[in-house]
Student: 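Handing you this structure, nothing more for now.
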Amino acid sequence: MSAVTTTVPVVAPEVGTQVRRRRRLSPGRRLPAARLVGPVLLLAVWSAASAAGRLDPAAIPAPWTVVRTGAHLWTAGTLPTDILTSLERAGYGFAIGLVAGVALALAAGLSRVGEALIDGTVNLNRAIPTLGLIPLFILWLGIGESFKVAIIAIVVYIPIYLNTHAALAGIDHRFVELAEVQGLSRFAFVRQIVIPGALPGFFVGLRLGVTGSWLGLVVLEQINATSGLGYMMFQAQNYGQSDVILVGLVVYGVFGLVSDSAVRLIERRVLSWRRTLSS
């Protein structure tokens, strides 16, 4: 009895068949110095429009005029004094607001009693225009430096509190149950669960707080001030010196961009364990 052998026909792939590639949906590799592309492009457009005579020099001076004015103010000693004064005010207010925002967020996020006492009050404070509190704070603290620092602290602590508290409230409850099963102490729970879970929201609030400190400073330094970038710009407005005003705006913009970039750098280092779309 002879064995019957069967052969399975091998079907060759068609010539025109193409292998389907996986579609790339991520933004791609991070470009070097990408955040400077926009400001450099804006500066190029500004320079080109000024050179072509499209801008009124009395309203918007050319970039080289602004640089020349800034160099003159620096040589005269006016600009360094104003910068140091503004940095001191912003630094004191930011430090107070940072401590207050983190402390209140932890108290409200880790305790129901703390949340009942703090969260509604902070949200009420958020609904009140902060700059509208200036007359009241002048009556309380006087017309000196104290009310300026206090207003900056309020501008800073609100976004830090809101984002940190939201991050605490968003921690998965399964991590809390796991910590209870493992028998973690209160300190270990805060260190291993609460802090890593709250850091992303904290850094978002920190960036908003840094920017808010500079925004509030512009207005506050025009009220009974004898120095500072805002005072310099207010005096320039009275004399129609648009180039001096632009010098102050450029300094504010540089400080804001540098401080925000510093916070971003610290965030990437501290949260290097995260795999996100931006990373």
Side-chain angles (χ1 to χ4, degrees), residues 85-171 186-187 189-191 193-221 223 225 228 230 252 255-256 258-267 270-271:
T85 302
S86 296
L87 285 175
E88 184 178 2
R89 288 170 181 154
Y92 284 138
F94 178 78
I96 296 173
L98 174 62
V99 174
V102 173
L104 292 174
L106 290 176
L110 299 178
S111 171
R112 294 300 184 188
V113 176
E115 184 178 21
L117 294 174
I118 296 172
D119 192 60
T121 306
V122 174
N123 280 279
L124 177 63
N125 189 185
R126 179 173 67 98
I128 299 174
T130 304
L131 297 180
L133 296 174
I134 291 178
L136 188 60
F137 272 69
I138 290 177
L139 293 177
W140 288 350
L141 303 176
I143 200 68
E145 294 294 318
S146 299
F147 92 92
K148 297 182 178 67
V149 174
I151 293 295
I152 293 174
I154 293 176
V155 173
V156 170
Y157 100 89
I158 290 178
I160 291 179
Y161 168 84
L162 292 175
N163 287 276
T164 306
H165 181 261
L168 287 172
I171 294 177
R186 189 70 171 178
F187 175 76
F189 169 69
V190 172
R191 182 173 59 87
I193 304 297
V194 172
I195 292 180
L199 278 177
F202 164 73
F203 278 111
V204 174
L206 187 64
R207 290 179 55 198
L208 294 175
V210 169
T211 305
S213 65
W214 296 114
L215 295 178
L217 199 62
V218 178
V219 178
L220 294 170
E221 288 188 330
I223 303 174
Y252 274 129
F255 281 161
V258 171
S259 56
D260 184 72
S261 299
V263 174
R264 281 173 173 261
L265 179 61
I266 297 173
E267 180 183 9
V270 174
L271 302 180

Student: Show every side chain to side chain donor-acceptor pair (under 3.5 Å) that has at least one partner inside residues 145-157, sequence neighbours left out.
Tutor: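 Sorted pair list: R89-E145, N125-Y157.
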Student: Within this structure, what is the OG1-CD distance for the pair T85 and E221, rounded to the nearest 0.5 Å?
Tutor: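 Reported value, rounded in 0.5 Å steps: 7.5 Å.
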Student: Can you tell me how far apart CD1 (I195) and CG (L168) are? Round to the nearest 0.5 Å.
Tutor: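 So the gap between those two atoms works out to 10.0 Å.
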Student: State whether the side chain of S111 and the backbone N or O of A107 hold a donor-acceptor pair below 3.5 Å, judged by distance alone.
Tutor: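 Judged by distance alone, no pair lies under 3.5 Å.
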Student: So, for G97 and I160, which heavy atoms are closest and what is the spacing to 0.1 Å?
Tutor: O-CD1, 4.5 Å
Student: What's the separation between atom CG in L110 and atom CD1 in I171, rounded to the nearest 0.5 Å?
Tutor: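 If I round to the nearest 0.5 Å, the distance is 8.0 Å.
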Student: If you define the side chain from C-beta out and look only at heavy atoms, does anything of N123 sit under 4.5 Å from L162?
Tutor: yes
Student: V155 versus L215: any side-chain heavy-atom pair under 4.5 Å?
Tutor: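 Not in contact.
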Student: With side chains defined as the heavy atoms from C-beta onward, is the minimum distance between I152 and Y92 less than 4.5 Å?
Tutor: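 A side-chain contact is absent here, since even the closest heavy-atom pair is not under 4.5 Å.
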Student: Measure the CG-OG1 distance between L206 and T164 for me, rounded to the nearest 0.5 Å.
Tutor: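 If we round to the nearest 0.5 Å, L206:CG and T164:OG1 are 8.5 Å apart.
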Student: By the ring pair (Phe, Tyr, Trp, His ring centres under 6.0 Å) test, which pairs, at least two apart or in different chains, include something from residues 103-146?
Tutor: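 Non-adjacent pairs meeting ring pair (Phe, Tyr, Trp, His ring centres under 6.0 Å): F137-W140.
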Student: Enumerate the residue pairs fulfilling ring pair (Phe, Tyr, Trp, His ring centres under 6.0 Å) with a member in residues 193-218, sequence neighbours excluded, ordered by first and then second residue.
Tutor: W214-F255
Student: Kindly say whether V210 contributes a backbone atom to a donor-acceptor pair with the side chain of S213 at under 3.5 angstrom?
Tutor: yes
Student: Might you confirm whether atom CZ of F189 has over 12 heavy atoms from other residues, nucleotides or ligands at distances under 6.0 Å?
Tutor: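 Above 12, so yes.
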Student: Please give me the minimum heavy-atom distance between G228 and S86, naming the atom from each residue.
Tutor: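 Heavy atoms only, the tightest pair is CA-OG, 3.6 Å.
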Student: Looking at L141, I134, I138, V156, which hits side-chain contact (heavy atoms from CB on, under 4.5 Å) with I151?
Tutor: I134
Student: Could you tell me if the side chain of I223 sits less than 4.5 Å from the side chain of F147, heavy atoms only?
Tutor: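 Yes. Closest side-chain heavy atoms under 4.5 Å.
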Student: Where do P196 and P200 come nearest, in terms of heavy atoms and distance?
Tutor: O-CD, 3.5 Å
Student: How long is the straight-line distance from CG of D119 back to CD of E115, given to the nearest 0.5 Å?
Tutor: 5.5 Å
Student: For the atom pair CD1 (I158) and CG (N163), what is the distance rounded to the nearest 0.5 Å?
Tutor: 12.0 Å
Student: Is a side-chain N or O of Y161 found less than 3.5 angstrom from the main chain of A103, in a donor-acceptor match?
Tutor: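 No: the side chain of Y161 does not pair with the backbone of A103.
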